[in-house]
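Small disclaimer: the values here were computed from a predicted structure and weren't measured. As the structure lists them, so they are numbered: ligands from 1, and atoms in each ligand from 1. The chain is numbered in sequence order, starting from 1.
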Amino acid sequence: MPAHDVLIIGAGLAGQRAALAAAQAGATVAVLSKVHPVRSHSVAAAGGINAAIAVEDDWRSHAYDTVKGSDFLGDQDAIEVMCAEAPAEVLHLEHIGVTFHRDETGRLDLRAFGGASINRTAYVADITGQAILHVLYEQLLRFGDRIDRYEEWFTTSLIVDDGGCAGVVARDVRSGAMEVFAAKSVILACGGAGQCFKPTTNGLICTGDGMALAYRAGAPLMDMEMVQYHPTTLVENGFLITEGARGEGAHLLNADGERFMERYAPSKRELASRDVVSRAEQTEIDEGRGVGPDGRGIYLDITVVPRRRTLEALREIVNIGRDFAGVDITREPIVIRPGQHYVMGGVRTDVHGRTPLDGLYAAGEVACVSVHGGNRLGANSLLDTLIFGRRAGEHAAARAAGTRMPRVSRAPLHDDARRIEAILARPAGAGRRVSEIKEELGTTMNRHVAVFRDEGGLRTALDVVRRLREEAESAAVDDRGTVFNQDVLGAIELGCLLDCAEAMVVSALERRESRGAQFRTDFPRRDDAEWLKHITITRDGDGAPRIGYAPVTITRWEPEERRY
Ligand SMILES: Cc1cc2nc3c(=O)[nH]c(=O)nc-3n(C[C@H](O)[C@H](O)[C@H](O)COP(=O)(O)OP(=O)(O)OC[C@H]3O[C@@H](n4cnc5c(N)ncnc54)[C@H](O)[C@@H]3O)c2cc1C
């Protein structure tokens, strides 16, 4: 049985950064990932990463912008840690080889991003995630003597022994073989759960596995109602057009050709925070001033950005516009709309990545520290993955140094193997297809748990999610083989999505106010007296979600009205 001091599930930016930190702290490390590490969703990150690097900037200004962006739900102690450590982390990336864009004077160039009071987003054209992920992967190979890589291994459950996390069960995607991995510390770095929605900007692999694994093992989820809709996704398929476009100066226009953000956010306009811009767009669409097919979209006009600059700094979205919408964005506006992009909620952790379950850590999009609170600022997620990935790696290594290797039984392996055999044995054609259930889940969530929500819609969504959970129990798979059986893994992922979706809807119903990404048309005001608190969701003995609360940590910034 493989045994490591620190076992990391997930090899996106959070997982790779955690692995490097743990190895540098002297731990033996394994990184296990269901896809090849450089295919993690982090590779799709486009616009950049925030850090108060400019001489006229200050990390406190970054922290205040983040607190305000979070609609005062973010924990300020964690936000201070993230923002204060950001400049050193970005310079570290630069030193290990990330080719951040520089200006004519040779300094790191910084672009404007939403909700920021100053230009503070470092970038590599519009492929920032790819650039960082590949450099970290080189470093992972460099530490090959201390970091074992299990690429294309799918984790099916966490092993909890004596009240703590002692390892995981995983399946080799290539062969179907099952294995138990023992570890002194386990770090979940499994990314987000965007596939609960359709459409979404998230890759097919973002199925909330880590949140579901932790939840089933008894760890609480937090802020799950806070789901971010990004203001600019292609109207037909949900592909992301990076906020970098508006950072470079692009305008949003309605059917009257009006730059309507001037009405909603007079000083920041297109660069207000994402929740504010998405709501403004949806209001324009709902009030009949939309454009494109059935008036479901808004124009994003990038032609106001000098063409040379667009071709240099936004070349990837030039390709996306041409290939997926048939539009040359340097010459004509493109039709976009708000689309699901990010989950602010996740597995509750402290600033060292520790979850309340002994030995279990979480970092990156799977985690909720909570630095994003009700709404994440663009370019703060890459930062979150790296800062808290590193901190979790360091803490997990230190914990492992003073801990004995747990003795782990193989019983959980047999349970999971039987579970998979049972899925494979379901009679073909008896139940609905996994893909159909996933489609209904995604469209339901996108209808009722989106930019605007109300009690009736949320109750409908909850009923649908619970019915789909029952249907998923009998959903048959076509592929009954062992080699690269993505079909059976898809059935397991569907179960994870349903757990996450239920937590999102239950939390959204519970929060009877409007804050950040949660806008309840039946409770349109923010209510600090009642709701300046986190909602947590823990799994009951009988499998039902149990609601709890956690206080918001306030260090220096008292809640105030939010204006952009
Ligand atoms: C299109 C797009 C553009 C974005 N642009 C930006 C941006 O410009 N700036 C910014 O700050 N943020 C951006 N974001 C958000 C940011 O990219 C993500 O939040 C962040 O990269 C998540 O990193 P992660 O390490 O937490 O997870 P991921 O990169 O998603 O990695 C998850 C890892 O977990 C593994 N995994 C999952 N489940 C299992 C399992 N069951 N068993 C084994 N392994 C598993 C996967 O294989 C993968 O390696 C963007 C997101 C998208 C979708």
Colleague: What I want to know is whether S40 and ligand 1 share at least one N or O pair that is separated by under 3.5 angstrom.
Modeller: yes
Colleague: Flag I9 as yes when one of its N or O atoms lies below 3.5 Å from any N or O atom of ligand 1, and as no otherwise.
Modeller: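 N/O-N/O distance below 3.5 Å does not exist for this pair.
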Colleague: With a 4.0 Å heavy-atom cut-off (strictly under), which part of A46 contacts ligand 1: side chain, backbone, both or neither?
Modeller: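 For A46, only backbone atoms sit under 4.0 Å from ligand 1.
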Colleague: So, for H41 and Y342, is the gap between ring centers shorter than 6.0 Å?
Modeller: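 No, the ring of H41 stays outside the 6.0 Å limit from the ring of Y342, centre to centre.
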Colleague: Where does Y342 meet ligand 1, judged by heavy-atom distances below 4.0 Å: at the side chain, the backbone, both, or neither?
Modeller: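 Looking at Y342 and ligand 1, just side chain atoms fall under 4.0 Å.
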Colleague: Going by side-chain contact (heavy atoms from CB on, under 4.5 Å), R120 matches just one of P87, C83, S61. Which one?
Modeller: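 The side-chain contact (heavy atoms from CB on, under 4.5 Å) with R120 is passed solely by S61 among P87, C83, S61.
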Colleague: From atom 33 (C) of ligand 1, work out which of G15, A189, S33 has a heavy atom at the shortest distance.
Modeller: A189
Colleague: Answer yes when K68 and D65 have at least one side-chain N-carboxylate O distance shorter than 4.0 Å, and no when they do not.
Modeller: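 No, no charged N to carboxylate O under 4.0 Å.
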Colleague: Check each atom of ligand 1 against the heavy atoms of F154 and keep those under 4.0 Å away; list them by number with element.
Modeller: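 Those atoms are 41 (N), 42 (N).
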Colleague: Below 3.5 Å, N or O to N or O, backbone or side chain included: is there any such pair between G10 and ligand 1?
Modeller: no
Colleague: Short N/O distance, under 3.5 Å, between L240 and ligand 1?
Modeller: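 Looking only at distances, the answer is no, because the N/O contact criterion of under 3.5 Å is not met.
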Colleague: I205 to ligand 1: N or O pair under 3.5 Å?
Modeller: no
Colleague: Can an N or O of K34 be found at a distance shorter than 3.5 Å from an N or O of ligand 1?
Modeller: yes
Colleague: Residue-level breakdown please: for H341 versus ligand 1, do any non-hydrogen atoms fall below 4.0 Å on the side chain, on the backbone, on both, or on neither?
Modeller: side chain
Colleague: Please name the residue in the list L252, V235, I334, V335 that meets the side-chain contact (heavy atoms from CB on, under 4.5 Å) test with I298.
Modeller: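 Among the candidates, only L252 passes.
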Colleague: How does T155 reach ligand 1, if at all, at less than 4.0 Å between non-hydrogen atoms: by side chain, backbone, both, or neither?
Modeller: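 Contact part for T155 vs ligand 1: both backbone and side chain.
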Colleague: Does F239 have a non-hydrogen atom less than 4.0 Å from ligand 1?
Modeller: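 F239: no contact with ligand 1 (<4.0 Å).
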